[in-house]
Amino acid sequence: MTGGSALRGRVRVTGAKNSALKLMAAALLATGRTTLEEVPDILDVHIMSEVLRRLGCGVTFERYPLEPGDSSPSGGGRVLIDVPEEPSSETDYDLVRRMRASISVLGPLVARLGTAKVALPGGDAIGSRGLDMHVAGLERLGATVVNEHGFLIATAPKLVGTSIWLDFPSVGATENLVMAAVLAEGTTIVDNAAREPEIVDLCRMLTAMGARIQGAGTSTITVEGVDGLEPVAYTTVPDRIVAGTWAIGAVMTRGDLVVEGAVAEHLTVPLEKLVNAGATVEPRADGVRVAMEDRPRAVDVVTLPFPGFPTDLQPMAVALAAVSSGTALITENVFEGRFMFVNELVRLGADVRIDGHHAVVRGRERLSSAPVLATDIRAGAGLVLAGLLTDGVTEVQDVRHVDRGYPAFLEQLRGVGVQITRTQLAD
Ligand code: UD1
């Protein structure tokens, strides 16, 4: 990619990866056809499709055609999932190890079948990412969970509603426990639950399927178990992390972008940071416009569970700080190890010092192009944004990581003025 161009024009954001994957898992809770709209055409969705196929479901992905007047695709599509009456209860290691989110079939499978055998996940190299809260919660609901030969095996002839306190508002644990509780006997209360928009999205779909859930989007979610659920057609919530990436990119490059589909309320803190950096942020009916004239001012960022600044946008915040005027302190509170990519950013000339979970970033006017390595999805996107501010051609290697989170990213970057090519196809 060649640095130097400002992001200008319109870009359309499709549904959230972190929601779509869980909505696909939730489909397992009902026999018959679930239709999901605005599902991103990314590797993780195809891995989840394969997970579901091996559980006995039929899954097809139909990519949306380019709409008239669109310069680049949104990268979204429709997924049709046909769930049999008796799905299998075992997920293979070869798929699960490629994507941590496969663990979200655990809750629905135990709820539906009374047993689940799910390989322990791999996923991004961004910290230890334990599963203790998933396991402890399922045990509270009456399941027996053992870890054998690389598999988590959960059995529960009957799940019974209970109260569960999460030590940390874990997104994955909240989702798994809610999906288990919807078919449990009686009422389950999940306290210190995660409040992310993707949790609200999942609960909306479950409610449409016939579940009884209250408090989604707050710290206390109450689920009253029902006997059965029906499949539905449902549209995935727009991806706030992709939207936030575009917004930050527009500010870094002093561009002017309309991020179609962006929901301002899902990005309150990041957008406020951009305003503090000097940007114009304009929520509109079709999304959010972000424009920047001058060099951004450095702003401090602290990652926290929603509604705090999302950890998934932290690499972009570091990239922004690397080209802002002044010094910014970026604090990572959610995932240890998420500053690993900073070594790559330093290769582009950024002035960043790490001390534990803090990064001190002294802004520079320009960065300098170099080959860099994407270490995970968001780090890769952060490096692409930094590459826009370099003086030459930056090569981002292992870009397959970025493909996991950003559908049609290259086409969309080209659509808003960036010269970028893929030199080798991702596997
Ligand atoms: C999800 C998102 C990820 C995002 C993260 C936080 C998906 C597919 N991924 O990940 O992009 O960065 O939310 O917004 O939706 N933890 C435990 N024990 C547990 C569960 C979690 O210690 O049982 C820890 C993790 O190690 C981590 C923190 O809690 O430090 C947050 O994890 P969690 O909120 O569960 O994130 P994920 O659901 O894995």
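Predicted model only: the values in this text are computed from it and were never measured. Counting starts at 1 for both ligands and their atoms, following the listed order.
With Glu336, Met133, Met99 as candidates, the residue nearest to atom 23 (O) of ligand 1 on a non-hydrogen basis is Met133.
Heavy atoms of Arg100 found under 4.0 angstrom from ligand 1 belong exclusively to the side chain. When heavy-atom distances to ligand 1 are checked against a 4.0 Å cut-off, Val171 comes that close through both its backbone and its side chain.
Thr174 contributes a side-chain N or O that, together with a main-chain N or O of Ala194, makes up a donor-acceptor pair within less than 3.5 Å. Panel note: side chain Arg284, backbone Arg289; no donor-acceptor pair is recorded below 3.5 Å. Checked by atom type and distance alone, the side chain of Arg404 never pairs as donor or acceptor with a backbone atom of Ile42 at under 3.5 Å. Judged by distance alone, with hydrogens and angles left aside, the side-chain atoms of Asn176 form no donor-acceptor pair with the main-chain N or O of His134 at under 3.5 Å.
When only interatomic distances are considered, the shortest N/O to N/O separation between Val334 and ligand 1 falls below 3.5 Å. The distance criterion of under 3.5 Å between nitrogen or oxygen atoms is met by Asp312 with respect to ligand 1. Checked against a 3.5 angstrom limit, the closest N/O atoms of Pro169 and ligand 1 fall outside it.
Every atom of ligand 1 is numbered from 1 in the order shown, and the set under 4.0 Å from a heavy atom of Gly172 is 35 (O), 38 (O). Residue Lys22 approaches ligand 1 through these ligand atoms, each under 4.0 Å from one of its heavy atoms: 7 (C), 8 (C), 15 (O). Set against the non-hydrogen atoms of Arg338, the atoms of ligand 1 under 4.0 Å away are 12 (O). Under a 4.0 Å criterion applied to the non-hydrogen atoms of Asp132, ligand 1 contributes the atoms 17 (C), 18 (N), 19 (C), 22 (O), 23 (O).
Between Thr35 and Tyr234, the side chains place no donor N or O within less than 3.5 Å of an acceptor N or O (distance only, hydrogens not considered). Of the N and O atoms on the side chains of Tyr406 and Gln412, not one donor lies less than 3.5 Å from an acceptor on the other residue.
Counting heavy-atom neighbours within 6.0 Å of Asp355 CG, excluding the residue itself, gives a total of 12 or less.
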